[in-house]
Each structure stands twice: as structure tokens, then as C-alpha cells.
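Heads up: numbering here begins at 1 and tracks the sequence.
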Amino acid sequence: MEFNTVDEAWMFWVSYGGQKGFEVRKRYSNKRKSDGKVRSCRYVCANEGHRKEDKRDHLTKCPRAETRTDCQVCMGVVLDQEKGNYKVADLVLEHNHILQLPKTSHLMVSQRKISELQGFEIETADDAGIGPKAAHQLASIHVGGSLNLSYTLRDHKNYLRGKRQREMVYGQAGSMLMHFQDKIAENPSFQYALQMDSEEQIANIFWVDAKMLTDYAYFGDVVSFDTTFGTNKESRPFGVFVGFNQFRETMVFGAVLLYDETYESFKWLFETFLKAHNGKQPKTIYTDQDSAMGKAIKKVFLESWHGLCTFHIMQNAVKHVAELEDEESSNSPKQTAEDNGEERSILADFSACMFEYEDEETFEQAFSTIRAKASKQSWLDSIYKVKEKWAECYMKDVFTLGWWKIKEKMS
């Protein structure tokens, strides 16, 4: 079997996978150093090989399911030096796992796609105020049912979200810039910064006004940064830097609209924040448990101590402890009310570990008691590893002004 280009070979493999009912992916591609032309490549079943050691923990927002079974199905393609086309060098077609049924094969990632016309219809429905679910149902009716539609409701939503994140129409960008210019005309101390992406479109937007600059100069020793306040219509995360004054009133030190929550975006943001405030670093900064954010803070805030916001920790504690209780209740239907009360006390015990114990030995004993009560300890073990960032007994020498307790009450 021969192909004119590697793209043609890949499309054949995608089509073949759709017909047989297995997901596909590219294994490797070798190119010539002289002209970059592909010399050979291998296309495999998505279940090929084994995943590396799992390093995920409870902080992973969307953990992927383990699907690899070391399937050997593949198609190797090499360049024919004489003809200039590509031919199949090796082919394995025996799978070691169950294949998708014909009725569900269209739901595989490689088979799902939104055409240019379908994209136009999705955008038109969104502009008309039709919700994604209703628009997807309408598109399904037009083709005789959802089984005949080449994309799912999730693909529909992702298409809209991707468009909103990557595009900012002139009217929106122009209005925003005009607003910033008006602010600068009112007070030259107003500052804003824009980060552009590779396509010269606006990605991240940061701004501070004169009051924010003055407040930070006086009260910027302890700062909390949070991106969980909500997102706007364009699905852009909104974040604020906040602190408090001598009256325990909340002060805002800066605001940002982010394109995404990646290390690169956070690094740009924190560097821009320090530049706006003449390089003054806070003594202490609190954030949630986002790993990308933590990595950027470690890179930029070299003079600051990084702590974890207790409000977010308690939210996670409520979630995971509740899951433990539900599992215990389902596994032990005859469990007494007294036993249930003991399990519910885990949350109170955890709160005590966070705020009440002043010596490390008492903390360790109390936390060991919590572990003994919980049937599963994955979340408890992971949060224990960073106890120095949230437990009071480990923060005696940290300049906090009691912020972590105040933030808990404010939230």
C-alpha cells in the first residue's frame, strides 16, 4: 500500500480506526535534517504501550482514565527514495482489547470533528442567544439523530469556549482600551498591561489604579491572590490581589483577566504585578493549591513566604471527608447514629489541626487520629505533605497578621 504524503497515510489510519472501532494516535515521526522531509513514521492504536508512573494526586482537576493495554496494532510508513512517496513497511492488526461498537465508534475523539459549516451554525445559534444544549439538539434533528452528528455536546461547548478565549472582537478590545485611556486621563497613575499571544491577540490583561498603588505601598505586606471569583462570558478567569488595612477592611492591590491558568500566564502576571508596584514584594502571599501558580510564585516572589488559603483547603476537606462518610454509610447500612457522628467529627478535628494547636507534637497526634478515622487517606496524605503552608503550629515565625484566619471568616 502506498501514499503520496504522510498526511494521506494518517487520514487513512484515522478512517480505518473509525471503521474498526479503535482510537488512533501517532507514535513517532523521523525527519531529514537537510530539508525536514519525513523519512518514516508509525501510527498506532491509542492503547499502545503503558503510561508512565502515575504522579497525579487529588489536585488534578480532570484525571485521565488508564486505557493503555500494550496493544501492538500499528502501521509503519517509510519514504521510498526513488518514487518520492510513502509505502507501508510493517502492519499489525490484532488487538488485545475490546473494540468500539459501530453505534458508538463515532464518539471516539479521532472521529469527532466540527466542519466549517457546522462551526458557522454553532456561532450563529450562540449569537442568537440559543444555548449549547438546545443548539446541539437542533443540529441532531437536522441530521436524523445524535448518532449521525459528527460531534458531541461537549465538543459543541468546547468549540464555543475556545472561540471566546482566543478571539476578542474589536468592539470589546476597543472599549476596554478606551476605558483604560479614560482612567489614565483622570489619573496618570493608572496602569495596565497586555500580554499578546503568538497570533498578536490579547491574552492576559492586568490593571491597577492609583488607590491600589497607594494601598499596596502601605498594606502590601500580606497578599492573597485568588482566581475563583468567577469568569465572564468569554470564559476568562478573573483574579484579584487583595489584603486588608488596619481596620481589617479588604483592600484590592490589582486585578487581571487571564487567558488560561498556566505557569506562563501566572509568571507574566506576577512579574507585571511587581513591576507596577516598583518591585516591592510582599512578605507573605496566600493562594489556592494550583500547582502552576505555586511554581510561578516560587520563580517570581523570591522574598515572599507562600501559604495556602485555608478557605480553599476547608472546601476540599468538606468535599473529601463527605465522600468518606458516604462510602462508609453505603458500605455499612446498619451503622449507628453514634458512629456517624464520629465520622462527621473528622471535619471539626481537621479544622482544629489548622487553627487551634500551637505545638507540632499535639498537631501530629491529632492528625494521626484523623487518619485512623478515615478509611481512605489519599487526600489527607497529600495535604499533610504541605502542612507547613496551612497549619498554625508550623507558622509561628511567618508574618501573617492573622490573614489566614480572617480570610476564612471573610469567605
Exercise. Would you call the rings of Phe266 and Phe225 parallel, tilted or perpendicular if under 30° counts as parallel and over 60° as perpendicular?
Worked result: perpendicular
Exercise. Side chains of Ser150 and Gln111: is there a donor and an acceptor less than 3.5 Å apart?
Worked result: no
Exercise. Can you check whether Glu303's main-chain N or O pairs, donor with acceptor, with Gln281's side chain at less than 3.5 Å?
Worked result: yes
Exercise. Can you tell me if NZ on Lys275 sees more than 12 non-hydrogen neighbours from other groups inside 6.0 Å?
Worked result: no
Problem set entry | Plane angle bin for Phe367 and Trp390 - parallel if under 30°, tilted between 30 and 60°, otherwise perpendicular | tilted
Exercise. Side chain of Tyr43, backbone of Val14: donor and acceptor closer than 3.5 Å?
Worked result: no
Exercise. Are any of the side-chain heavy atoms of Thr124 and Phe120 separated by less than 4.5 Å?
Worked result: yes
For this session: Return yes if a side-chain donor-acceptor contact under 3.5 Å exists between Gln191 and Asp209, otherwise no.
Result: no
Problem set entry | Between Glu123 and Tyr159, a side-chain donor and acceptor under 3.5 Å | yes
Exercise. What class does the angle between the rings of His95 and His97 fall in, given that below 30° is parallel, 30 to 60° is tilted and above 60° is perpendicular?
Worked result: perpendicular
Exercise. Who are the ring pair (Phe, Tyr, Trp, His ring centres under 6.0 Å) partners of His277, not counting sequence neighbours?
Worked result: Tyr216, Phe273
For this session: Indicate yes or no: at least one non-hydrogen side-chain atom of Met75 is less than 4.5 angstrom from one of Asp90.
Result: no
Exercise. Is a side-chain donor-acceptor pair under 3.5 Å present for Thr5 with Asp7?
Worked result: no
Exercise. Any chance CZ of Arg112 has more than 12 other-residue heavy atoms, nucleotides or ligands included, within less than 6.0 Å?
Worked result: yes
Problem set entry | Gap between atom CD1 of Ile205 and atom CZ of Phe180 - 0.5 Å precision | 6.5 Å
For this session: Using distance alone, with no hydrogens and no angle criterion, decide if Glu364 and Tyr357 have a side-chain donor and acceptor under 3.5 Å apart.
Result: no
Exercise. Between Asp155 and Lys113, does at least one N-O distance fall below 4.0 Å, as a salt bridge requires?
Worked result: no
Problem set entry | Carboxylate-amine/guanidinium contact Glu271 Lys267, below 4.0 Å | yes
Exercise. Just by modelled atom types, is the Asp359 backbone N or O under 3.5 Å from a matching donor or acceptor in the Lys396 side chain?
Worked result: no
Exercise. Once the angle between the rings of His136 and His156 is folded into 0 to 90°, is it parallel (under 30°), tilted (30 to 60°) or perpendicular (over 60°)?
Worked result: perpendicular
Exercise. Okay, side chain of Ser304, backbone of Pro282: is any donor-acceptor separation there less than 3.5 Å?
Worked result: yes
